[in-house]
Protein chains: 2
Amino acid sequence: MKKEKIEIAVHCNEHIRGVKDTMSLLDGKWKTLIISHLFYIGKMRFMDLKRQVEGIASKTLSKELKDLEMNRLIIRTQNNTMPVSVEYELTEFGRSLHKIIDTMGEWGIQYREQIIIKS
Amino acid sequence: MKKEKIEIAVHCNEHIRGVKDTMSLLDGKWKTLIISHLFYIGKMRFMDLKRQVEGIASKTLSKELKDLEMNRLIIRTQNNTMPVSVEYELTEFGRSLHKIIDTMGEWGIQYREQIIIKS
DNA sequence: CCATTTGGTTACCCACAGGTAACTGGTTTC
DNA sequence: GAAACCAGTTACCTGTGGGTAACCAAATGG
């Protein structure tokens, strides 16, 4: 007799699917951090963002920003000055993540001394 | 003149550090999902967990559980029955993540139709 | 008696995330 | 006139996350 997956309550499945979907937008090492910076600091230029998000390479930042833009979490604005300046900011959709970011931030602060930090 | 990182408000830095620390516990593809299952369903055995977390390999589950245990988010209990049964459950520390998980779940449900799901 | 279950471990392997470094081309600063 | 800046792009390379599959030993199910 093959063991089947235990059936669980519908609302649990919905929540779990919710978590999965949310994570599909925030996967990888950097996205949540980039969004956090845009959320706490606001609109930023490429190089400023790079300086804020410590340790990120241009290539990686560029790629992550494209992903985030594709998911409509941020928008890129190019000012045709010389030299061009480019600014990134959260869309309204992106800003709707603030509750998640905030909760994570608060939790991190509250439990800092209990977290074993691997650096 | 070398450009320096823009100075930002202290509480912003604290929050950002909080986000970073939080993520250091939840990194990778699976941890958040495993915790979600333990949170919504409760204490589970290894194979049940494997059946719930769709697509995860034994090896990966085993490794992720060890990581989570090391960070004291879950505890492993081995009952010396024959054959051994092993149960995993969230610690109080692990349960303290519920606000984060819940927020992510809610957000995922609310914005489901706006999320471009890569599957 | 054969298959399946439990809770993993081990070996093998590969794709890809992500790091390093160099380069662009016009512009301002020292 | 040398150097740094901006917003990336390209080439190259490495680590590792994570997948597949086989295996264990005792016990239960059909």
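Just so we're on the same page: letters track the sequence lines, and every chain starts at 1.
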Hey, is the side chain of [X] poking within less than 4.0 Å of OP1 or OP2 on [N], counting only N and O atoms?
X     : N      : result
A:T60 : C:dA17 : no
B:R45 : C:dG8  : no
B:R76 : C:dG8  : yes
B:K63 : C:dT10 : no
B:K66 : C:dT9  : yes
A:S62 : D:dT9  : yes
A:K29 : C:dG19 : yes

Rounding to an integer number of Å, can you tell me how far [X] [atom1] sits from [N] [atom2]?
X     : N      : atom1 : atom2 : result
B:L49 : C:dT5  : CG    : P     : 17 Å
B:L33 : D:dG17 : CG    : C1'   : 16 Å
A:I74 : D:dA7  : CD1   : C1'   : 14 Å
B:F46 : C:dG8  : CZ    : P     : 6 Å
A:R51 : D:dA7  : CZ    : P     : 9 Å
A:K50 : D:dT9  : NZ    : P     : 13 Å
A:I56 : C:dG18 : CD1   : C1'   : 10 Å
B:Q78 : C:dG8  : CD    : C1'   : 11 Å

Main-chain N/O of [Y] paired with [X] side-chain donor or acceptor, under 3.5 Å:
X      : Y     : value
B:T91  : B:R72 : yes
A:W107 : B:K99 : no
B:R112 : A:D21 : no

Of the candidate nucleotides [options], which contains the atom at the shortest distance from the side chain of [X]?
X     : options               : answer
A:A57 : D:dT9, D:dT20, C:dT20 : C:dT20
B:M47 : C:dG18, C:dG7, C:dG8  : C:dG7
A:V84 : D:dG18, C:dG7, D:dA7  : D:dA7

Heavy-atom donor-acceptor pair, A:K59 side-chain to C:dG18 base, under 3.5 Å: yes
If you count every heavy atom of other residues, nucleotides or ligands that lies below 6.0 Å from B:E92 atom CD, does the total exceed 12? no
Does CD in B:E7 sit with more than 12 non-hydrogen atoms of other residues, nucleotides or ligands closer than 6.0 Å? no
